[in-house]
Amino acid sequence: MSEGAKQLESLIGRGYAQGFVTEIDSDTVAPGLDEDVVRLISRKKREPAFLTEWRLKALRHWLTMKEPHWAHVRFPPIDYQAISYYSAPRSRKDGPKSLAEVDPKLLETYEKLGVPLHERARLAGVAVDAVFDSVSVATTFKERLAAAGVVFLPFSEAVRTHPELIEQYLGSVVPYTDNFFATLNSAVFSDGSFVYVPQGVRCPMELSTYFRINALNTGQFERTLIIADAGSHVSYLEGCSAPQRDENQLHAAVVELIALDDAHIKYSTVQNWYPGDAQGVGGIYNFVTKRGECRGRNAHISWTQVETGSAITWKYPSCVLRGAGSRGEFYSVATVNNHQQADTGTKMIHIGRDTRSTIISKGISAGHGQNTYRGLVKMLPSAHGARNFTQCDSLLMGGQCGAHTFPYVEAKNPTATVEHEASTSKISDDQLFYCLARGICAEDAVNLIVSGFCKSVFKELPMEFAVEAQKLLAVSLEGAVG
Amino acid sequence: MTRAATPMLAIRDLVVTVDGKQILNGLTLEVAAGEVHAIMGPNGSGKSTLAHVLAGRPGYEVTAGSVSYQGRDLLALAPEERARAGVFLGFQYPVEIPGVNNVYLLKAALNAVRKARGLPEVDAFDFLGLVREKMQVMQIDESFLSRGVNEGFSGGEKKRNEILQMLVLEPRLAVLDETDSGLDIDALKIVAAGVNSLRSPERSCLVVTHYQRLLEYVVPDVVHVLVRGRIARSGDRTLAIELERRGYDWVSGEAA
Ligand SMILES: Nc1ncnc2c1ncn2[C@@H]1O[C@H](COP(=O)(O)OP(=O)(O)OP(=O)(O)O)[C@@H](O)[C@H]1O
Ligand SMILES: [Mg+2]
């Protein structure tokens, strides 16, 4: 092994700053899953009957399904009966009506995480919905959003205030039969965010949800539904973290986006779930289904993700391009270090004519990490003149990690074009030494090179998020070079 | 001529091995502050090896001898510490780092050097002013700032970029490895002007070159001929002229 490679090997040992536990009195349902648990969750949330039924149908379907293992990840069998499907900080009755009612300990938690919930705080201009274990604890900026007609609520609240929208759209992009984890989520989802942007409205601020797993042995199953009505525009940010524990914890979320005529949804994620320690003990299993549908003409959905955390990531934010002229985009940076595994990518399903999609995937592997890009570009017979451009780049650090690329293409329309570019590179000893010889230390050099590698994705992120993402990336690659 | 008490660089009996092969065989060389020394010598004689050892490149094993820089043990410092202490290596083959902006690297480098000197980070505005000024000296187009480090640069452009970095970082000891190779005559003059602009009583320069031509513009105080890992002969600038006329055989023969 060369000197540089040795250096690359030795820079492993990350600090996960969000790994603390909040001591808070929680209402946690005993582990196990059956119809009674599903009914209990639904009852706790005082849900309308249609939703209880929908959950039960999902559960019954789920019981017939098998855990999928086609992804390029390995994990021991999960005991689904050992997981608690509901945990909520115990609070006065139904949860807080305003920030003043939120438990100060929770506010402190979010403060520590750098997500101050106080509306006058630094993040002014970003409305935050904070989900702590299974429930949403605070949604800020409600009034300003309401004035614009934008609905931004915890899912459980929206179920009561806007049941007709939920009944119409829930499961319309990701049906409850979709896949093992999405089906499980449909049965037991606890909370999440709901967004509705009315016709022609440009949402006056960035919307954001911060997910936090706190309780032990609980799964987090949140559900996010965003509907952008004709001609509207919304940018939504999602962040997450979890305490540092030796047990693996399951996170199986579902996100559904619906963009009608000329609407634009921009969905950005910075995923920083606890990745496990350097030996691969603990960490979050992040099995997530995210899909958006451009239902109207010239609709536009754009996914941007920076994945630095989780022991295992299994996630394919996708776009169904139904409306003529609609556009789907996927910009991704996925990092694995130590023993992390990521199998991530996207699906672009072109149905409408002249639909366009762009896929930019940047995979970074260090330590013993395994990074897989898996993507599907599907051109249906109706997709006249549809176009896709895909670019997959992998960056390897050290000799023990892996990068894998599985681009699938199904083109059933001869006028559709699919373009694919891929590259794999290493941070070479020469590049590293060049930086050292300019006074830049190895860690900074790696960050410089990695940032350069990710530039085309970072520039898609809203400003303050891009800065955070850059910092997270630096932390997650700490120890990858020395 | 009175020499400063501590030389800028003092190399004594340096023996260096690369991949088990001994390349430098007891090299001794001293450069006083304010001096420019040229190092010439046939291909494969160890010039780049010397330059890399001075910059601290991993993989070069020093098996005997010492190198002191301003009185400090240079070999005890990590490569980035050497750079921060004022040692600059102009690479014979500058590497490309795609995606990393030239200007980012330059700023990171300058800040690293400033930090080591106890100075605050450079203000973005001042930095741009400084870089623009130096780019003018080097006649480098502004568009190069936003390009990837050396990405797609021509050979001559890479060399000019090295000197630009040197001008911004203002090192105490610059080791320029064949910065003149591959330059057209105008570029050569520009590079020479860049090097000369840094000449001062508290700076020194070691220029590795094959051509007397560069030395017409950057006039050296001393010329050394490196043969088989050792200084075979040293002299004043006329030595370079003589070498050009008589070739290396003349020196190697003498050394053998
Ligand atoms: N990794 C290595 N393994 C074995 N030999 C090496 C290695 N690196 C360099 N050498 C040898 O060391 C000798 C000196 O190389 P060096 O690059 O220092 O020469 P140079 O004087 O700079 O030559 P040039 O004028 O061609 O640039 C050469 O014979 C070269 O082949
Ligand atoms: Mg050389």
Side-chain angles (χ1 to χ4, degrees), chain A residues 1-11 331 333 360-364 391 393-397 421-459 466-467 470 473-474 481-482, chain B residues 18-19 51-52 54-61 77-117 146-151 158 161-162 165-166 168-169 171 174-175 177:
Chain A
M1 199 188 303
S2 71
E3 282 303 313
K6 264 185 245 162
Q7 289 189 323
L8 288 163
E9 291 296 319
S10 70
L11 223 160
Y331 300 100
V333 168
I360 309 283
S361 161
K362 304 278 179 176
I364 302 164
Q391 186 181 338
D393 298 320
S394 306
L395 184 67
L396 298 171
M397 298 162 78
E421 285 176 13
S423 76
T424 300
S425 51
K426 272 192 168 213
I427 296 184
S428 73
D429 294 358
D430 284 349
Q431 291 173 334
L432 205 56
F433 180 64
Y434 191 81
C435 295
L436 294 176
R438 294 295 174 258
I440 300 165
C441 71
E443 276 201 41
D444 290 350
V446 167
N447 289 335
L448 209 63
I449 295 171
V450 165
S451 304
F453 177 72
C454 301
K455 201 160 53 186
S456 54
V457 173
F458 281 169
K459 76 175 178 30
V467 173
Q470 200 122 358
L473 210 62
V481 199
Chain B
V18 184
D19 278 341
H52 281 136
L54 293 177
R57 184 174 190 117
Y60 290 76
E61 200 192 342
L77 301 179
E80 66 272 28
E81 290 168 340
R82 299 181 194 195
R84 292 172 195 166
V87 177
F88 179 90
L89 170 60
F91 286 81
Q92 183 175 1
Y93 305 108
V95 68
E96 301 195 5
I97 312 180
V100 176
N101 269 356
N102 219 10
V103 68
Y104 278 0
L105 181 96
L106 205 50
K107 196 168 169 207
L110 180 60
N111 279 330
V113 169
R114 285 175 65 92
K115 200 172 158 197
R117 294 179 191 159
S146 53
R147 281 171 66 178
V149 175
N150 295 319
E151 195 177 356
K158 285 182 184 169
N161 196 40
E162 293 291 289
Q165 293 179 358
M166 181 182 83
V168 170
L169 299 177
V175 181
D177 191 359

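Every chain is numbered from 1 and lettered A, B, ... according to where its sequence line falls, protein lines coming before strand lines.
- Looking at B/L105, both its backbone and its side chain come within 4.5 Å of chain A, counting heavy atoms on both sides.
- A donor-acceptor pair is defined here as one N or O able to donate and one able to accept, closer than 3.5 Å; no such pair exists between the side chain of B/N102 and the backbone of B/S146.
- Neither the backbone nor the side chain of B/P171 comes within contact range of chain A; no heavy atoms are under 4.5 Å apart.
- Of the charged side-chain nitrogens involved, at least one lies within less than 4.0 Å of a carboxylate oxygen, so that B/R57 and A/D430 count as a salt-bridged pair.
- In this structure, B/H52 and B/F91 have tilted ring planes: the angle between them lies in the 30° to 60° band.
- Top candidate by heavy-atom pairs under 4.5 Å with chain A, chosen from B/P94, B/A112, B/A109, is B/A109.
- For the options B/E162, B/R82, B/E81, heavy-atom pairs under 4.5 Å to chain A are most numerous at B/E162.
- Remark: the backbone N or O of A/S394 is not paired with any side-chain donor or acceptor of A/K362 at under 3.5 angstrom.
- For B/R84, the salt bridge (charged side-chain N to carboxylate O under 4.0 Å, His left out) criterion is met by no residue, not counting sequence neighbours.
- Heavy-atom distances place no part of B/N111 under 4.5 Å from chain A, backbone and side chain included.
- Contact count versus chain A (heavy atoms, under 4.5 Å) is highest, among B/V149, B/N101, B/V100, for B/V100.
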